[in-house]
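Notes to accompany the following structure.
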Amino acid sequence: MAAAHPALHIVILAAGQGTRMRSRLPKVLQPLGGQPLLAHVLERARDCHPTQISIVVGHQAEQVQARFPDPDLRFVLQAEQRGTGHAVALALEQQPPDSQVLVLYGDVPLLAPLDIQRCLQSNAPLTLLTADIPDPTGYGRILLGPEGQVLAIVEEREADAATRQIQRINTGILTARAADLLRWLPQAEAKAQQEGHEWYLTDVVALAHAEGLRVEAVLSADANTALGVNHPLQLATQERLLQRQRATACLQQGLQLADPERFDLRGTLTFGQDCRMDVNCLCEGEVVLGHDVSIGPGCVLRNVRIGDHVVIAAYSVLESCEIGNGCHVGPYARLRPGTVLDEQARIGNFVEVKNSHLHNGAKVNHLSYIGDAEIGARSNVGAGTITCNYDGVNKHRTQIGEGAFIGSNTALVAPVSVGAGATIGAGSVITRTAPAHALTLTRAEQITRLDWQSPQLRSKAKS
Ligand code: UD1
Ligand code: MG
């Protein structure tokens, strides 16, 4: 009978301040691809189906904990951040000693799931994930013996010039039995006290080796995925890596991206067939595209649902709205939350729409503000039309019936309604109901004075 797998306890270290980020936000809450660093680590932890996940928090612990309210998580408070060894020791207190422990660092967010699996599949008493990187500055270096066995991890602070040349680094990921870690960690603490540095988790490697136990070093298949985030440049580097991964996944699923290097997804993007996205678009939250959708360059889509055969032209910003089949939006349109466009509606350049519903085929093509409005099917709202929806205290609604024609530069002072098929003369200020199928306009009559002379002509006539 095969031996039963021991329980897997994943410990995520997230108590550090992240001084090198020079930010007031705790490091593990810094956003990567629109989510905190810690969320990425947690996703990888969950993929391993552990019995338990413990997160060690300390610096701004409440803020970190509040961001992850999931009831299955066990938070361990490390009030004073004495080092990674201390953090793991706290997490293992009063925990089953026979469980297998996997330590993940809250600031190593993009680990390849396969690398984690390879570590977990090792049957050595201690296994760590290592990587070869050209610039190993700041990382713990892996010291190998003559037969390639791992002797120790030397932290940058303790490394001499020769050791600093070593390009094989410790990624921070390590797995061992809880009982073994609980035996090694107090010894690592004693060493830290003697040598006057932080309590390093990484010192367990030399201690295991001293006991004659085998330490296995798994080498990451893609070193870039195993890099840590300690300062803004590293955060930006991992952001680009993640975005390249997301762009590749979208391309493989059939999205035609003009340039995978100029695409950012900070959420989820789903799309049908024949969707195209030009350069420098940003998708945030949940973005859904139907079939045959074309997104022009420089667009921002945040929590947007778009139907089939839609064009969103260059530099348009859409947030929390729904775009029906066959619509055309932009260039330079701004659709704010609560905008709903039914089929074939058109929004043109320099038009802002908020909390408004445009029915089938309605058009607002140029330079308008439409707020808190209902625009009937096939209505045409002329250039420069403004819904005056705010009286300084309350918001009011504007209703426009089917097939209405609103002349250019009309101010619709809400609450107000325009009947179906009505025409509003250009330049009107509409404050009362405009009846259906009639012409309504408010306009001073045009006059011409033929006897008028310009001041220049008048002064010439005098001299
Ligand atoms: C650490 C490793 C180093 C490795 C590198 C990989 C140690 C001693 N060094 O260095 O070998 O190459 O990661 O990225 O482990 N933390 C706590 N409590 C503490 C201190 C840290 O929870 O008392 C957490 C931090 O929040 C962070 C993680 O542990 O998420 C790593 O700490 P950090 O200070 O970033 O260590 P590095 O200098 O990156
Ligand atoms: Mg780090």
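Remember, it's 1-based here, ligands and their atoms both numbered in the order they're listed. Computation of the quantities below employed the complete heavy-atom set of this structure, encompassing side-chain atoms and omitting hydrogens, waters and symmetry-equivalent molecules. Nothing here was measured: the structure is a model prediction, and the numbers come from that model.
The closest protein non-hydrogen atom to atom 36 (O) of ligand 1 is Arg20 NH2, 4.4 Å. At the top of the distance list for atom 22 (O) of ligand 1, counting protein heavy atoms only, stands Ala15 N, 2.9 Å. Protein heavy atom closest to atom 13 (O) of ligand 1, with residue, atom name and distance, is Tyr105 CE2, 3.2 Å. Of the protein's non-hydrogen atoms, Asn170 O, 3.2 Å is the one closest to atom 4 (C) of ligand 1. Protein heavy atom at the shortest distance from atom 29 (O) of ligand 1 is Leu13 CB, 3.4 Å.
Screening Ile53, Val57, Val28, Leu73 against Phe68 for a side chain to side chain contact (heavy atoms under 4.5 Å, CB included) leaves a single residue, Leu73.
For atom 28 (C) of ligand 1, the candidate residues are Val28, Asn230, Asp107, Val76; the nearest heavy-atom contact is made by Asp107. Nearest to atom 9 (N) of ligand 1 by heavy atom, out of Met21, His59, Glu155, is Glu155.
Using a 4.5 Å heavy-atom cutoff, the side chains of Leu251 and Leu255 are not in contact.
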Subject >> Worked verdict on Gln238 versus Gln234 for side chain to side chain donor-acceptor pair (under 3.5 Å) >> reply: CA-CA 6 Å; Gln238 293 315 84; Gln234 290 174 326; over 6 Å; no
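Under a 3.5 Å cut-off, the side chain of Asn280 and the backbone N or O of Pro297 do not form any donor-acceptor pair.
Atom OD2 is the N/O/S atom of Asp107 found closest to the Mg ion (ligand 2).
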